[in-house]
Amino acid sequence: MQEIRSTCPYCGVGCGVLLRPTADGVEVRGDPDHPANMGRLCSKGSALGETVGPAGRLATPMIGDQAVAWDQALDLVATRFADTIAQHGPESVALYVSGQLLTEDYYVANKLMKGFIGSANIDTNSRLCMASAVAGHRRAFGTDTVPGLYEDFEKADLVVLVGSNMAWCHPVLFQRLEAARASRGTRVVVIDPRRTPTAEGADLHLPIAPGADAALFNLALVEAERRGLLDRAYLAQVDGLEATLEAARATDPAMTGLTQGQLQQFYDLFLGTEKVITAWSMGINQSDSGSDKVNAILNLHLALGRIGKPGMGPFSLTGQPNAMGGREVGGLANMLAAHLNIEDAGHRDAVQGFWASPTMAGKPGLKAVDLFRAVEAGRVKALWIMCTNPVVSMPEADRVARAIQSCDFVVVSDMMAETDTMRLADVRLPATGWGEKDGTVTNSERRISRQRPFRKPADLARADWWQLAQVARRMGFQGFNWETPAEVFAEHAALSGVAGALGSDFDISDHAAITRAEYDALQPFLWPANARKQGGRFFADGRFHHKDGRARMIAVTPRVTAAPMILNTGRVRDHWHTMSRTGLAPRLNQHMAEPFLEVNPADATRLGLQADGLARVSGMGASALLRVTITDRVAPGQPFAPIHWTGETTSAGRVGAVVEGSFDPVSGQPALKSGAVSVEAAKPLWFGYAVSARGLSPNCAYWARAIHAKGMTAELAGFDEPEDWQAHARALFSLSDEVSVQMVTDTARGRVRLAFLAEGRLVAALFIDRSPVALSRAHVASLLGEETSGALSGRPGADRPDPGPVVCACFSVGMNTIVEAIATGACLTVADLGAALKAGTNCGACRPELAALITRHRPQLQEAAE
Ligand SMILES: Nc1nc2c(c(=O)[nH]1)N[C@H]1C(S)=C(S)[C@@H](COP(=O)(O)OP(=O)(O)OC[C@H]3O[C@@H](n4cnc5c(=O)[nH]c(N)nc54)[C@H](O)[C@@H]3O)O[C@H]1N2
Ligand SMILES: Nc1nc2c(c(=O)[nH]1)N[C@H]1C(S)=C(S)[C@@H](COP(=O)(O)OP(=O)(O)OC[C@H]3O[C@@H](n4cnc5c(=O)[nH]c(N)nc54)[C@H](O)[C@@H]3O)O[C@H]1N2
Ligand code: SF4
Ligand SMILES: [Mo]
């Protein structure tokens, strides 16, 4: 059977995949012909096949707890939205959507809301992600344009990564960069307060003070002028140089938290290299001065004329697979379709004319934080959330949950039956997921690729665009009669032609008459795609999209984040957001199976935090309980926690609950990387580790559970000690008294170990200790379902080596195995480890960690020789 070409549903790199359906799922490999990845995939992309099973899917539409037919659900949604609008006006309803929708879904959502309901109260999780980049681009260029291409990372001599943990978050693009480093010596600077895996391997790591990025780029601009490096010819097309320089000159270098030596090194590298890419991500965007940070970066590139030319330019790394597509259809509350401006009456008229719509939103709508505050205040009375989990991902997440709960009518469309947001819905609609969906996405370099289905939708799941169009039709709106996503795409492409004529950069009118067959055969292509311009870069010619054709430099007065304890939040290598999909893949749960807090040793000492103990992080009237990792990767006062854990996977690991909702005044993007928090030691009476061949229903103050290839594992802790551990364990594992138990107790040390066996095979085990449980977790979990009487030792016997926690997820290579190979001198390079153990040879995402292990554990030959 022929493989089906599709696109990975995770990050904005937008890798092409080849799919071969199997009896119970799909085999996935990288598409060698896709220009984004040329065959490579990261750990998440490689494990896609493990995430497409039926587990957890919502099978049918639900009204409350009642399964209903689609007609009944859609009628109810249409009636309630229409009634609410009739009584309270169009501003009383809202859509909250997602950069993981396909462009076709997104187009329909935006058309319905802005053109037919007549309100711009449609916002998206891209507000939490890309809004500052959008605002910065629009201020500088007049449109939301990414000037460069991925190949520029391979053509540059210097790549500056600011607020980006690219090794973990855009792994395949990072691999392309690593290959360029190996072949042509590209240098890499990482600007991040935290020493990330990306920073570990960089030529220069600048641990900047949180929030101070604009100060650094201002200072570099002043230095560029001092060295006489400004590109005066290019600047003839740019306004605002003098005011920008004046603001920049007022910048105090001390703000950056960097030494004079570090600053000099940065100036020398940046200013002394012509071909420089500055790529940024959430460390820039998710800030209360995010737009200014973006413009400080763009200012420097404009002033040096280093933009839109091979190997040079500013580059916004987009997070979600279709963050760009969402921007192209105008999915944000302050945008209009096809990169047009909602505040421009001429643009609004053109779109309204094209849609032949009865009304048109006349002003920007509510941005995410304000949108949920309007829900809280009762001003928004009907809300439809689609393809996002705001109860986890919004700042002040508990407050958002209460707002949703108090809303008169809430619809949620998701693939999964149970998410923290789904639980609060009045109507739950089952959406088709990756592998069933059919449409297009746009990656970070403006490349539009098809996502193609390899199988029929699960149960009654339906495409998001179809759900929206059905509701629109039931509300009596004309213009929602598409039969296929190809027709939606053609309409979107035709509208972009109208926009192009008005000066928009986004014009793919070449595809305005695309047929179904052409759509099905569509090859990945770069936009723009029209009679005037095909793909390529923007702005080398100094022509921009402001009405006067000129660019703007923006005067920036930098800010720093000041609070005694700033919670930095972000991602881990193998999980995707709220884990509704990556959490299903046992392979991806091995790398990090529990939420954690990285704290500097000085903080740990001051706060009495114990390694592997628990910390309580409090803010916004909420708190999270997290495992303590003591490390100098983070600076004092700047603890870091991952964002992935939810009410489904933990008792209290939702860090969004403690992050405040302050936001950038220009973009409305929340400052998700800098919530002021307090941290204290939580002192449980006991810690536990549990494995079960079936489910696990923890009933204690702290728990975090993960799916394992052989069942489920959980970390536990409690502040009260159960009277009867065996009864507690049986309830935890839902095991009757019939299942036999082995138990050892060491009362003096507070240790209890229980193993449950059925027909001699291990069905569950629980290990309790007064201090954090120390045992070989990988070994214990691997015994599930096996005939064993030795589970209680918690360690493999001498005949079975303990591989330790997994570092390479693709080949399940454990830390102990790797360290041993290094310490014996057998492997002294990442390539050696690959040759000996296969570690790091598939997706390469663990290569920075392998390099760090080599640095730490290699035999100290040189020292001995000296
Ligand atoms: N594995 C994985 N990959 C993903 C995702 C995922 O969930 N998992 N999600 C995707 C999405 S939607 C997104 S948006 C991207 C995000 O990709 P990234 O932005 O690379 O990831 P984050 O971990 O959110 O944050 C990046 C870094 O910003 C740093 N930072 C915090 N404050 C500051 C600051 O003031 N200045 C600077 N310079 N840096 C700061 C943090 O220490 C962190 O290391 O990843 C995408 N890729
Ligand atoms: N503190 C803190 N908070 C953050 C961030 C941070 O760095 N720090 N990062 C922010 C960023 S950049 C982002 S992008 C957000 C991400 O946050 P969310 O968007 O809330 O996270 P996801 O888990 O990706 O949610 C997607 C949901 O859609 C479902 N789904 C998947 N495919 C489909 C589909 O085709 N249709 C429908 N209807 N549903 C589908 C999934 O099951 C899942 O429930 O988090 C933000 N929140
Ligand atoms: S880098 Fe990984 S997560 Fe991102 S698109 Fe490629 S395979 Fe998917
Ligand atoms: Mo994102």
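Indexing begins at 1, ligand by ligand and atom by atom, following the structure's order.
Within the structure, ligand 3 has Leu41 among the residues with a heavy atom less than 4.0 angstrom away.
Trp576 and Gln100 share a donor-acceptor pair across their side chains, judged by distance under 3.5 Å alone. For the 3.5 Å distance criterion, the side chains of Thr60 and Asp459 fail to qualify, holding no donor opposite an acceptor. Side-chain N/O atoms of His34 and Ser449 include a donor and acceptor closer than 3.5 Å. Between Ser164 and Ser281, the side chains place no donor N or O within less than 3.5 Å of an acceptor N or O (distance only, hydrogens not considered).
Short contacts between ligand 3 and Cys15, defined as distances under 4.0 Å to a heavy atom of the residue, involve ligand atoms 1 (S), 5 (S), 6 (Fe), 7 (S). Of all the atoms in ligand 3, the ones that sit under 4.0 Å from a non-hydrogen atom of Lys44 are 3 (S). Atom numbering of ligand 3 starts at 1 in the shown order; those under 4.0 Å from a heavy atom of Pro171 are 1 (S). Taking every heavy atom of Gly14 and a limit of under 4.0 angstrom, the matching atoms of ligand 3 come to 5 (S). Numbered from 1 in the order shown, with element, the atoms of ligand 3 that lie under 4.0 Å from a heavy atom of Cys8 read 3 (S), 5 (S), 7 (S), 8 (Fe). Taking every non-hydrogen atom of Tyr10 and a distance limit under 4.0 Å, the qualifying atoms of ligand 3 come out as 3 (S). Near Val172, meaning under 4.0 Å from one of its heavy atoms, ligand 3 places the atoms 1 (S), 6 (Fe).
Between Glu104 and Lys437 there is no salt bridge, since no side-chain N of the basic residue sits under 4.0 Å from a carboxylate O of the acidic one. Arg654 and Asp398 are joined by a salt bridge, as a carboxylate oxygen and a charged side-chain nitrogen come within less than 4.0 angstrom of each other. Salt-bridge annotation for Glu178 and Arg847: absent, with no side-chain N of the basic residue lying under 4.0 Å from a carboxylate O of the acidic one.
Using a 4.5 Å cut-off on side-chain heavy atoms (C-beta onward), Asn842 and Ser46 make contact.
A cation-pi contact links Arg194 to Phe640, judged by a cut-off of 6.0 Å to the six-membered ring centre and 45° from its axis.
Closest to atom 4 (Fe) of ligand 3 among all protein heavy atoms lies Cys11 SG, 2.3 Å.
Around ligand 2 you find Gln100, Asn125, Leu128, Cys129, Met282, Gln286, Gln320, Cys387, Thr388, Asn389, Ser393, Ser413, Asp414, Met415, Met416, Thr419, Ala431, Thr432, Lys437, Asp464, Thr569, Arg571, Trp576, His577, Thr578, Ser580, Arg581, Ile643, Leu672, Lys673, each with a heavy-atom distance below 4.0 Å.
Residue side and main chain included, Cys42 places no N/O/S atom under 2.8 Å of atom 4 (Fe) of ligand 3. Put simply, Cys843 stays out of reach of atom 2 (Fe) of ligand 3, with no N, O or S atom under 2.8 Å from it.
Using modelled atom types, no side-chain atom of Ser623 and backbone atom of Ser618 make a donor-acceptor pair closer than 3.5 Å.
Between Thr650 and Pro595, the closest heavy-atom pair is CG2-CG, 3.5 Å.
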